[in-house]
Every structure is written in C-alpha cells, then in structure tokens.
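Single-structure report; data block below.
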Amino acid sequence: LLDSIRPELEAVEAHGSLPAPGLIFRKVALAAEEGDARAVAEAIQPDPVISASLINSANAARFAASGKTASVPQAVTRLGTAFVKRVVFVAEMMVRYQKGACPGFDYRGFWLNALATGAAMRGLLHEYEVAPQHADEAFTSGLVSSIGWLAVAETFPALMTRYLERCRNADPISKARAQREIFPCEICKVSERYLQRFEFPEAVHAAVAGRTDVNRQWYDVLARASRIAQSMSPFDCLAIPTTVPGTDACIEEWNRWKEFIASIH
C-alpha cells in the first residue's frame with residue numbers, strides 16, 4: 001500500500017506551497033528552547049498582528065489580577081514561552097492561510113476546527129491520566145492532526161474542489177466514500193508525512209495516521225478529541241459526526257481560544 005501512494009505523498013511534500021510556519025516561529029522556537037524570553041519578545045515585536053494577538057491573550061480575563069498590558073515583553077513573561085510559541089505558530093499559519101489555491105476550501109473553518117481539536121486534546125489530558133507536562137505537545141498534536149487537508153488543498157486544488165462538490169451536505173459515510181474515490185491516498189497519510197517532515201514525535205504522527213502500535217493512549221485521546229472538536233467547531237470536509245458532546249474541560253479550553261481567534265480575524 002505504501003508503495004502505491006508514495007508518489008502522491010512525495011508530490012505533496014515537494015510542492016512549494018506545503019504549509020509551514022514562518023521565520024518568526026522558527027526564531028521563537030529556538031529562543032524558547034534556550035529559555036530566552038527577551039529573544040522571544042524581540043522576534044515577535046516587528047510583526048503587528050502577532051504582537052496584537054499575544055497582547056490580547058495576555059489581557060484575557062484569567063490574567064485580570066495582573067492588570068492590562070500593551071507590552072510584548074510583559075505578555076511573554078505573563079504567558080510563558082511555551083504558550084507564546086503555540087500562539088505564534090497558530091498566528092503565522094492562520095494569517096498566511098486565510099485563503100489559498102483552492103477557492104472553495106473553507107480555510108477559516110479548517111483553522112477553527114484545528115484549534116478546537118488542540119483545545120480538546122488539552123482538555124482530555126486529566127481524564128486520560130496524561131501528565132501535565134505533555135500539555136503543549138497535546139495541543140500542537142490536535143492543532144496539526146488534520147494538516148493534510150490544508151496540504152492537499154494547496155497542492156491538488158482540483159481534486160479538493162471535486163471532493164467539496166461531492167461532500168456538500170453529505171453524511172459522514174458518504175464523505176468517507178467520496179474521499180476513497182477521489183483522493184489518491186488517505187488524508188491522514190498526508191498529515192503523517194507532513195509531521196514526519198517537520199520532525200514531530202513518532203507518537204504524534206502515528207496517532208494522526210490512525211496507528212495504535214506506538215502509543216495507544218495518545219491515539220485514543222486524539223481520536224476522541226477529533227470527535228469533540230467536530231461538535232464544538234465543525235469542519236465540513238471531515239467524515240466525523242457533529243453530535244459527540246464535549247466535556248466541561250474541553251469546552252473551557254476552547255473558550256480560552258475564542259478571544260485569540262477574534263484577534264486574528
């Protein structure tokens with residue numbers, strides 16, 4: 001099977017429009033890894049959209065006791081470099097891909113669902129007894145778990161357009177059938193290849209690909225998070241029902257991101 005889909009995966013990977021975070025994220029990630037909050041702030045300050053998003057996050061209700069701030073360095077200190085790194089990743093990707101090669105693709109809906117999946121992942125950690133230090137990895141895993149949809153929309157817009165015409169108002173079973181008939185390989189395999197390219201941990205890209213052989217627990221959390229996210233912020237391309245209720249923790253985590261989303265759009 002892998003040999004039969006490898007050409008399509010390689011075509012996606014080699015395409016110049018493969019979605020990727022930009023220079024600011026790379027600078028922030030490096031500075032965060034070194035624990036240099038000052039360098040994190042300096043990387044962000046030249047970009048007004050990301051700066052505004054960060055300050056908006058730092059002035060969220062949960063930080064009310066600390067007072068309002070209009071300073072990027074203060075926002076970094078308040079939020080912590082790990083959270084800031086997530087904000088920058090999301091902001092760069094969302095700003096860059098508000099529209100793209102496929103006119104009918106719902107870029108905003110894709111990102112809202114991606115954020116909801118990340119939020120659901122974080123919200124489920126306690127229930128699945130995953131250690132809190134994995135919270136950042138959990139959020140990022142959920143955020144990028146469907147990145148293959150964006151990659152295919154950018155690299156094979158004609159195929160994506162055909163699928164969008166088929167899946168409009170369709171039920172999940174019909175969508176799954178249309179995916180098999182139209183796309184040369186599963187979207188989750190494209191997501192897996194994307195995550196391998198950017199050196200995500202094997203447990204993450206294995207779970208995204210639907211494999212349970214590496215870390216069954218991570219697979220279980222992501223599978224449920226994807227279903228909860230589809231009820232909190234549905235993305236029409238997915239062959240997932242919108243009726244799986246979210247837990248209180250998932251909904252609370254999702255609500256924390258809504259102010260951030262408003263600042264991006």
**OP:** Taking the side chain as every heavy atom from C-beta outward, state whether P184 and L159 have any atom pair closer than 4.5 Å.
**Re:** yes

**OP:** With sequence neighbours excluded, tell me which residues meet ring pair (Phe, Tyr, Trp, His ring centres under 6.0 Å) with Y163.
**Re:** W149, F183

Original post:
When rounded to the nearest 0.5 angstrom, what distance separates SG in C250 from CZ in R122?
Top reply: 11.5 Å

Original post:
Under the ring-ring contact (aromatic ring centres under 6.0 Å, His included) rule, what pairs show up with a residue in residues 206-234, not counting sequence neighbours?
Top reply: none

Original post:
Do Y107 and L150 come close enough that some side-chain heavy atom pair is under 4.5 Å?
Top reply: yes

Subject >> Gap separating the NZ atom of K189 from the CD atom of Q196, nearest 0.5 angstrom >> reply: 9.5 Å

**OP:** Quick one: closest heavy-atom pair of M232 and A120, and the distance?
**Re:** CE-CB, 4.1 Å

Original post:
Nearest heavy-atom pair of E253 and A119: which atoms, and what distance?
Top reply: CG-O, 3.4 Å

Original post:
Does the side chain of I44 reach to within under 4.5 Å of the side chain of V84, using non-hydrogen atoms?
Top reply: yes

Subject >> Minimum heavy-atom distance E154-G100, with the two atoms named >> reply: OE2-CA, 3.6 Å

Original post:
Measuring from S191:OG to R193:CZ, what's the distance to the nearest 0.5 Å?
Top reply: 12.5 Å

Subject >> Within one Ile-Leu-Val-Met-Phe-Trp-Tyr cluster: V244 and Y128, side-chain cutoff 4.5 Å >> reply: yes

Original post:
Between S145 and G142, is there a donor-acceptor pair closer than 3.5 Å when you use the side chain of the first and the backbone of the second?
Top reply: yes

Original post:
What residues form a salt bridge (Lys or Arg N to Asp or Glu O under 4.0 Å) with E181, not counting sequence neighbours?
Top reply: R166

**OP:** Not counting sequence neighbours, which residues clear side-chain contact (heavy atoms from CB on, under 4.5 Å) with Q74? List them please.
**Re:** T69, S71

**OP:** Using the salt bridge (Lys or Arg N to Asp or Glu O under 4.0 Å) rule, take D220 and R216 through it: C-alpha gap first, then chi angles, then the decisive distance, then the call.
**Re:** CA-CA 6 Å; D220 288 340; R216 178 57 191 257; 2.9 Å; yes

**OP:** Measure across P172 and A239 and return the closest heavy-atom pair with its distance rounded to 0.1 Å.
**Re:** O-CB, 3.4 Å

**OP:** Identify, with sequence neighbours excluded, every residue that meets side-chain contact (heavy atoms from CB on, under 4.5 Å) alongside E33.
**Re:** none

Original post:
How about L238 and F110: do any of their side-chain heavy atoms sit closer than 4.5 Å?
Top reply: no

Original post:
Below 4.5 Å, heavy atoms only, C-beta onward: do L115 and F139 meet side chain to side chain?
Top reply: yes

Original post:
In Å, rounded to the nearest 0.5 Å, how long is the span from OH of Y97 to CD of E92?
Top reply: 11.0 Å

Original post:
Can you tell me how far the CD atom of E165 sits from the CD1 atom of I182, to the nearest 0.5 Å?
Top reply: 8.5 Å

Subject >> Contact summary for G67 and R78, nearest pair of heavy atoms >> reply: O-NH1, 2.7 Å

Subject >> side-chain contact (heavy atoms from CB on, under 4.5 Å) partner of T117, chosen from L222, L112, L143 >> reply: L222

Original post:
Tell me, do C102 and L164 make a side-chain contact under 4.5 Å, heavy atoms counted?
Top reply: yes

**OP:** Using a 4.5 Å cut-off on heavy atoms from C-beta on, say whether the side chain of I228 contacts that of Q230.
**Re:** no

Subject >> Within-4.5 Å side-chain heavy-atom neighbours: P157 and F105 >> reply: no

Original post:
Excluding sequence neighbours, so at least two apart, what forms salt bridge (Lys or Arg N to Asp or Glu O under 4.0 Å) with E34?
Top reply: none

Subject >> Exercise: identify the closest heavy-atom pair between C185 and V190 >> reply: SG-CG2, 3.8 Å

Subject >> Non-neighbouring partners of D171 that pass salt bridge (Lys or Arg N to Asp or Glu O under 4.0 Å), sequence neighbours left out >> reply: none

Original post:
Got a sec, which residues hit salt bridge (Lys or Arg N to Asp or Glu O under 4.0 Å) with R227, two or more places apart in sequence or on another chain?
Top reply: none

Original post:
Tell me, which pairs form a side chain to side chain donor-acceptor pair (under 3.5 Å) where one or both residues lie in residues 232-251, sequence neighbours left out?
Top reply: K175-D236

Original post:
If you measure from CD1 on I24 to CD on Q45, what distance do you get to the nearest 0.5 Å?
Top reply: 11.5 Å

Original post:
Which residues pass the side-chain contact (heavy atoms from CB on, under 4.5 Å) test with C188, sequence neighbours left out?
Top reply: E186

Subject >> Over 12 foreign heavy atoms within 6.0 Å of CD1, I173 >> reply: no

Subject >> Non-neighbouring partners of T77 that pass side-chain contact (heavy atoms from CB on, under 4.5 Å), sequence neighbours left out >> reply: none

Would you mind writing out the side-chain donor-acceptor pairs for residues 205-213 within the sub-3.5 Å range, not counting sequence neighbours?
residue, atom, partner, partner atom, Å
R211, NE, D213, OD1, 3.1
R211, NH1, E192, OE2, 3.0
R211, NH2, D213, OD2, 3.1

Original post:
Do V214 and V221 share a hydrophobic cluster (ILVMFWY, side-chain heavy atoms under 4.5 Å, transitive)?
Top reply: no

